[in-house]
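Have a look at the structure below, then the notes.
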2 protein chains.
Amino acid sequence: MNDSLRISRKFSQRSVMEAIVQGGPISRASISKQTGLSKQTISEIVRGLEEEGWVQETGRTSGHVGRTAVTYELVCDAAFIIAVDLGGTKVRVAITDLACQIFAEDTAPTDPRGGRFVVEQIAAMAFDAADRQKITREKIRLAVVGVPGAPCSETGRVLLAPNIAGFDTMDVVGAFEEVLGFGAMLENDVNLAVLGENWLGQGQGIDNLAYVALGTGVGSGLMVGGHLVRGVSNAAGEMGFLPLGADPFEAESLRTGAFERAVASHGMAERYAALSGNTVTVPTIFAKAEAGDAAALTVLDDTARYLAAGVAAIAAIANPQKVILGGSIGLRPEMLERVKAFLPQCFPYPVNVETGELGARAAIIGAAAIGLGQLHNTLFGVDAPDGRISLPRANVNALREAI
Amino acid sequence: MNDSLRISRKFSQRSVMEAIVQGGPISRASISKQTGLSKQTISEIVRGLEEEGWVQETGRTSGHVGRTAVTYELVCDAAFIIAVDLGGTKVRVAITDLACQIFAEDTAPTDPRGGRFVVEQIAAMAFDAADRQKITREKIRLAVVGVPGAPCSETGRVLLAPNIAGFDTMDVVGAFEEVLGFGAMLENDVNLAVLGENWLGQGQGIDNLAYVALGTGVGSGLMVGGHLVRGVSNAAGEMGFLPLGADPFEAESLRTGAFERAVASHGMAERYAALSGNTVTVPTIFAKAEAGDAAALTVLDDTARYLAAGVAAIAAIANPQKVILGGSIGLRPEMLERVKAFLPQCFPYPVNVETGELGARAAIIGAAAIGLGQLHNTLFGVDAPDGRISLPRANVNALREAI
DNA sequence: AATAAGTTCGGTAACAGAACGAATTAAAAG
DNA sequence: CTTTTAATTCGTTCTGTTACCGAACTTATT
């Protein structure tokens with residue numbers, strides 16, 4: 001069959017699908033108005049989509065002048081994707097349908113043995129979730145797995161991921177595909193968090209967006225012009241190695257980055273210990289600060305000052321429209337408040353900083369976003385790698401904690 | 001006429017043009033092989049292009065088995081663009097033809113009165129150059145002007161450009177278009193430098209590229225996935241405000257950025273004065289370092305250490321494949337050598353750093369690149385804003401100094 | 001009666017692909 | 001060493017096919 005014609009065809013098909021996905025039940029005449037394609041063409045394309053089982057008739061309009069219109073809707077259980085947020089301590093797994101509804105979100109402690117065990121754990125969770133939703137496996141098309149580290153697309157390995165054993169030496173993508181039986185994609189977890197916030201959170205409609213995740217470690221994710229910045233070796237956003245906070249030329253900074261040592265949880269605890277003599281956890285520091293503990297307040301101030309400098313560095317280099325703070329520490333309002341106060345003291349033009357709206361679920365929602373975009377593109381879209389589909393707002397069902 | 005068909009047509013037309021631009025004199029059969037389009041289609045498209053005056057027959061092949069082929073070539077004087085690199089002290093103006101040949105490059109001191117005077121000076125230089133090359137004005141389609149600062153596409157003003165008076169309050173784009181009589185585009189000069197090096201210099205074939213220009217000030221330009229990162233307010237790359245080097249929380253850092261004060265020429269001179277008691281210019285410091293002056297060597301080392309940290313910051317956030325050093329200080333081999341030595345001491349994974357190949361002419365070559373890409377896209381290409389055309393290697397003619 | 005939804009019909013631009021003639025060289029035959 | 005033949009490539013012509021548009025028409029509804 002003719003190749004460029006097929007692209008041409010698929011192009012229109014995709015915009016029709018987009019109109020149907022976005023516009024809920026919609027008549028062919030409305031699609032025609034929205035897309036600018038002729039009524040006749042829309043009828044043809046919709047007929048094709050209906051035959052292939054992607055859309056279905058759902059009703060008719062009424063109440064308006066003129067003939068009633070037949071409305072079409074997505075067959076939302078025509079395909080599913082698995083979204084996974086794999087952390088060092090927790091795994092989240094969710095299933096999403098074509099209509100971008102996220103359900104069956106499960107959480108479990110990450111299998112500490114790492115490697116193949118984690119892959120199998122995730123597969124089991126995914127299939128369990130699918131079974132609960134009565135979803136047959138053939139309908140699952142793709143899994144998107146967020147990992148803390150830099151996945152390598154050639155080898156399928158995950159570099160810079162010290163928290164999950166064995167992922168740096170095995171073909172993780174291959175292992176997933178083998179166990180799951182369908183396609184799998186790996187993506188850095190913070191990158192997914194930006195995408196998530198961009199889709200359903202703080203960053204909606206913002207094409208130049210940064211996300212700074214601060215918790216046990218630090219990482220950043222950057223979107224420029226609506227696309228993720230991954231870097232050559234998928235190591236963009238390894239913000240822990242910013243030469244800020246501690247002396248970057250100290251030998252230790254080559255192992256744990258200077259910035260990470262300054263702002264991440266370990267550094268905070270250490271500074272608190274130095275000031276007060278007590279070794280406590282980060283949540284305790286926040287609690288003590290709330291109670292007025294001077295050392296705790298100093299630790300928070302100092303951390304926020306460094307964090308503000310980190311945000312300034314991102315703003316100086318990439319000038320995003322908004323910087324979203326995330327991670328267990330970054331999500332605290334006490335941090336946001338302080339960063340907002342410190343930023344104008346160290347950076348000349350205003351930077352829009354906010355905490356994430358989606359909290360710890362940003363990454364898994366981002367995984368769903370990337371998976372759905374990918375799926376819509378391969379099913380209905382152009383081959384262009386940067387053909388972004390705009391996903392509709394989705395209802396995110398309740399979280400189910402396992403065990 | 002049918003819209004999506006027109007896109008379809010133009011799409012093929014562009015790839016045919018690209019093949020002709022790249023492949024020099026080329027037969028229709030070869031274009032067919034290269035593009036994958038059928039011979040018949042190529043004949044049709046080439047006929048159209050020939051009728052419109054963009055390509056012409058230039059000869060026939062011989063020596064091979066089989067029938068001789070008629071070869072086609074670009075009519076390279078079918079259209080021209082003006083490339084301008086406007087600096088605080090110097091203006092460079094060049095003319096480029098469709099075949100990406102750059103000629104008539106002129107340099108003059110920038111009119112110190114700024115504003116409209118500079119615009120008129122540039123127009124005069126451009127028309128003078130066109131006259132010398134016997135190029136009629138109707139054939140000039142576009143001017144691309146590199147400016148030190150952040151051009152605003154809505155208002156046409158140039159922000160953060162203290163070196164050219166009046167540009168922050170006037171519609172510079174409008175003024176150019178009025179005086180020149182054809183379209184004009186403004187772009188940050190360091191952004192153009194990355195594009196230039198990406199086209200004909202150090203960064204050929206590298207899609208994730210950073211450029212750090214260090215001289216009187218500091219600025220960076222970033223390419224991600226083959227596209228420039230401009231940021232929301234075109235202020236991406238205002239690297240002078242990186243919170244490194246000096247204390248970013250000092251009040252002075254809000255005027256002149258902390259990093260700029262540490263690494264740029266003023267800071268170097270200041271540090272040398274503090275160490276030796278003598279106030280000298282930067283070239284003198286380099287000369288004295290060459291002669292073994294201890295204070296000068298310390299200044300170079302310290303500057304390089306800061307610069308390495310700045311490069312590390314870019315690498316941590318954007319992870320480019322290569323970082324190119326430019327600007328009067330960044331181009332010195334003494335700096336490169338030192339930065340290469342310091343980087344592994346403050347950043348964990350290797351960063352590829354080199355000096356620019358094009359020297360001070362990177363920006364004007366980048367201006368030509370952006371203009372040619374733009375022109376090819378509007379004449380033959382899709383409307384897609386990110387449809388990049390790959391330009392061929394170009395011969396860059398000799399520079400002509402004015403006065 | 002007005003109006004909107006959808007279909008039918010005819011038309012067109014942009015391609016593909018097969019077949020074919022033209023032009024050329026390489027190699028075999030005389 | 002010439003002539004013939006085979007192989008090869010170039011370019012055109014002719015015949016589809018696909019993906020659309022637009023006008024006219026039918027149908028259903030307020």
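Letters go in sequence order (proteins before strands), and every chain restarts at 1.
Using modelled atom types, one side-chain atom of A:Q204 and one backbone atom of A:G201 make a donor-acceptor pair closer than 3.5 Å. Between the side chain of B:N208 and the backbone N or O of B:G225 there is at least one donor-acceptor pair closer than 3.5 Å. A:K139 contributes a side-chain N or O that, together with a main-chain N or O of A:D77, makes up a donor-acceptor pair within less than 3.5 Å.
Contact check of residues 26-33 of chain B against DNA chain D (heavy atom, cut-off under 4.0 Å) returns B:S27, B:R28, B:A29, B:K33.
Applying the side-chain hydrogen bond (donor to acceptor under 3.5 Å, both in side chains) test to residues at least two apart or on different chains, the pairs with a partner in residues 28-37 of chain B are B:S27-B:S30.
The distance from atom CD of A:E44 to atom C1' of C:dT7 is 11 Å, rounded to the nearest whole Å. Atom CG in A:L37 sits roughly 11 Å away from atom P in D:dG22 (whole-Å rounding). One can place CD of B:Q40 at 12 Å from C1' of C:dA13, the figure rounded to the nearest angstrom. Look at CD1 on A:I42: it is 14 Å from P on D:dA19, rounded to the nearest Å. In this structure, NE2 of B:H64 is placed 12 Å from P of D:dG11, rounded to the nearest angstrom. Rounded to whole Å, atom P of C:dG6 lies 15 Å from atom CD1 of A:I45.
Comparing D:dG11, C:dT24, D:dT12 by their nearest atom to the side chain of B:R60 picks out C:dT24. The A:A69 side chain lies nearest to C:dG6 when the options are C:dG17, D:dC20, C:dG6.
Summary of the strand contacts: A:K39 and A:G63 both lie near DNA chain D, and taking for each the nucleotide with the nearest heavy atom, the more 5' one is attributed to A:K39.
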Give me, pair by pair, the N or O atoms of the protein and of nucleotides 4-7 of chain D that are less than 3.5 Å apart, along with how far apart they are.
none

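Between A:I95 and A:I82, the closest side-chain pair of non-hydrogen atoms falls below 4.5 Å. Side-chain contact between A:V224 and B:V224 is absent, with no heavy atoms from C-beta onward closer than 4.5 Å. Using a 4.5 Å heavy-atom cutoff, the side chains of A:L98 and A:V75 are not in contact. Residues B:I20 and B:W54 form no side-chain contact, since every pair of their non-hydrogen atoms from C-beta on lies 4.5 Å or further apart. Side-chain contact check for A:N377 versus A:R14: some heavy-atom pair is nearer than 4.5 Å.
Taking 4.0 angstrom as the limit, A:T68 places none of its side-chain polar atoms (N or O) nearer than this to OP1 or OP2 of C:dA5. Note on B:S38: every side-chain N or O is 4.0 Å or more away from OP1 and OP2 of C:dG17. Look at A:T61 and you won't find any side-chain N or O under 4.0 angstrom from OP1 or OP2 of C:dA5. Proximity of A:S43 to the phosphate of C:dG6: no side-chain N or O atom is located under 4.0 Å from OP1 or OP2.
At a cut-off of 3.5 angstrom, the base of C:dA4 holds no donor-acceptor pair with the side chain of A:R67.
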